[in-house]
There are 2 protein chains.
Amino acid sequence: MPAEDAAVAAGFEHFYETLRRLTPRGPLSLTAASTLRRLERSGPHRLCELYAPEGISQPAMTQLVTRLEKEGLAERTADPTDGRAVVVSITDAGREAVSHRRQVRAEALSALLQGLTPEQYEAVVAALPALERLSDLAAEQAS
Amino acid sequence: MPAEDAAVAAGFEHFYETLRRLTPRGPLSLTAASTLRRLERSGPHRLCELYAPEGISQPAMTQLVTRLEKEGLAERTADPTDGRAVVVSITDAGREAVSHRRQVRAEALSALLQGLTPEQYEAVVAALPALERLSDLAAEQAS
DNA sequence: CCGTCGTACATAAGCGGGTGATATAAATTG
DNA sequence: CAATTTATATCACCCGCTTATGTACGACGG
């Protein structure tokens with residue numbers, strides 16, 4: 001491991017904690033929010049396609065979907081081509097919830113961004129594509 | 001809120017999920033790890049100074065310290081100047097656990113960093129001070 | 001000194017969200 | 001068509017958080 005990577009890792013570690021505290025406690029758990037975002041971003045999925053990328057077990061996803069359904073944020077549909085399968089999709093209320101959560105976090109973050117110098121702000125913006133690329137790399141590594 | 005902030009927020013949101021999945025399942029909860037890092041970084045603290053910055057309730061911190069103590073990662077000491085207070089400090093085993101966790105995450109991250117172009121890598125390194133500054137701003141805003 | 005009040009921590013009860021083991025039903029296969 | 005695999009659900013359990021409450025010490029005015 002290159003030496004500089006350690007510095008990057010340390011910086012990310014600290015920053016991760018900061019981001020974590022930026023969305024104190026909402027009605028949605030981390031996994032619930034992440035799953036809703038996935039459904040919003042890439043459409044309906046069978047339950048068996050959801051739990052692995054979220055890093056939880058299949059029973060956990062069953063229960064999560066049940067909770068989301070109870071709160072009206074997602075819904076189950078039968079898969080016509082496979083009687084065993086369940087297709088999970090996000091509802092309008094779910095989209096609304098995701099959007100609201102995103103908004104809250106964005107505003108908290110925006111307040112912080114005001115405190116940066118223009119150079120620092122530019123550095124952050126310039127790093128965004130790289131961060132996005134890291135996310136993609138992590139996703140394909142997981143698959 | 002400036003329009004570009006929304007893009008930054010969206011990027012961070014995605015990146016946050018990536019970081020979250022980078023340290024899959026350890027023996028330490030997120031709060032436990034964060035608390036140990038705090039103890040490692042800024043020395044022993046009274047329990048009442050710990051729970052607020054971690055964003056949990058006082059009973060939760062009492063329980064967390066009890067668990068950490070049971071696992072030998074932290075220890076309680078009486079405060080000689082205040083009979084009510086408890087001073088919590090990290091043990092060598094605790095330092096070891098933090099260090100190990102950090103190592104695991106750093107290696108996983110390092111593997112991803114290999115996939116960046118040199119320009120992207122430089123952009124990430126260049127943004128580190130700004131990310132650090134954001135963490136500081138968040139910390140002082142919380143106080 | 002001494003009752004009163006605030007502060008620091010612990011305990012209790014309950015709940016959300018995770019786990020592994022197992023059940024059920026539909027699809028696949030030999 | 002019996003056997004097996006796959007997709008989901010259910011069960012029993014544990015961990016970590018919550019609020020409400022208990023306990024012991026410190027501070028402080030009479």
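Each chain gets a letter, A, B and so on, in the order its sequence line appears, and its residues count up from 1. If you're wondering where the values come from, they're calculated on a predicted model, not measured in any experiment.
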Atom pair distance, as rounded to whole Å: CZ in B/Arg46 and C1' in D/dC25: 11 Å
Sugar-phosphate only, base, or nothing, as touched by A/Ala60 at under 4.0 Å among non-hydrogen atoms: base
Below 4.0 Å: OP1/OP2 of D/dA7 and any side-chain N or O of A/Arg76: no
Sugar-phosphate only, base, or nothing, as touched by B/Thr31 at under 4.0 Å among non-hydrogen atoms: sugar-phosphate
Protein-nucleotide distance (B/Tyr51, atom OH; C/dT7, atom P), rounded to Å: 10 Å
Whole angstrom value for the distance that separates C1' of D/dC15 from CD1 of B/Ile56: 14 Å
Value in whole Å for how far the P atom of D/dC14 lies from CD of A/Gln63: 16 Å
Check: B/Arg67/B/Ser29 side-chain N/O donor and acceptor closer than 3.5 Å: no
Among C/dC9, D/dA9, C/dA27, the nucleotide that comes nearest once only the side chain of A/Arg84 is considered: C/dA27
Path from B/Leu113 to B/Phe12 over hydrophobic side-chain contacts below 4.5 Å: yes
Under-4.0 Å side-chain N/O to phosphate OP1/OP2 contact, B/Ser57 with D/dT18: yes
Phosphate OP1/OP2 of C/dG16: any A/Arg67 side-chain N/O under 4.0 Å: no
Polar side-chain contact A/Gln58-D/dA9 base: donor and acceptor under 3.5 Å: yes
Side chain of A/Pro59 (C-beta onward), nearest among C/dT19, D/dT18, C/dC9: C/dT19
Side chain to side chain donor-acceptor pair (under 3.5 Å) between B/Ser135 and A/Glu17, intermediate numbers included: CA-CA 8 Å; B/Ser135 296; A/Glu17 292 297 335; over 6 Å; no
Protein-nucleotide distance (A/Glu49, atom CD; D/dT8, atom P), rounded to Å: 8 Å
Toward the 5' end of DNA chain C, by each residue's nearest nucleotide, A/Leu64 or B/Met61: B/Met61
Passing candidate, salt bridge (Lys or Arg N to Asp or Glu O under 4.0 Å) with B/Glu13, options A/Arg20, A/Arg41, A/Arg102: A/Arg102
Sugar-phosphate, base or nothing in reach of A/Asp82, heavy atoms under 4.0 Å: sugar-phosphate
Distance in angstrom units between B/Asp79 CG and D/dG26 C1', rounded: 12 Å
B/Arg105 charged N/C atom sitting above A/Tyr16 aromatic ring, 6.0 Å / 45°: yes
Out of D/dA9, D/dG16, C/dA8, whichever nucleotide has its closest atom nearest the side chain of B/Cys48: C/dA8
Short N-O contact, B/Arg133 and B/Asp136, less than 4.0 angstrom: no
Sugar-phosphate only, base, or nothing, as touched by A/Ser29 at under 4.0 Å among non-hydrogen atoms: sugar-phosphate
Length of the CG-P vector between B/Leu47 and C/dT7, whole Å: 16 Å
Closest-nucleotide ordering on DNA chain C, the 5'-leading residue of A/Pro80 and A/Glu71: A/Glu71
side-chain N/O A/Thr62 vs D/dT8 OP1/OP2, d < 4.0 Å: no
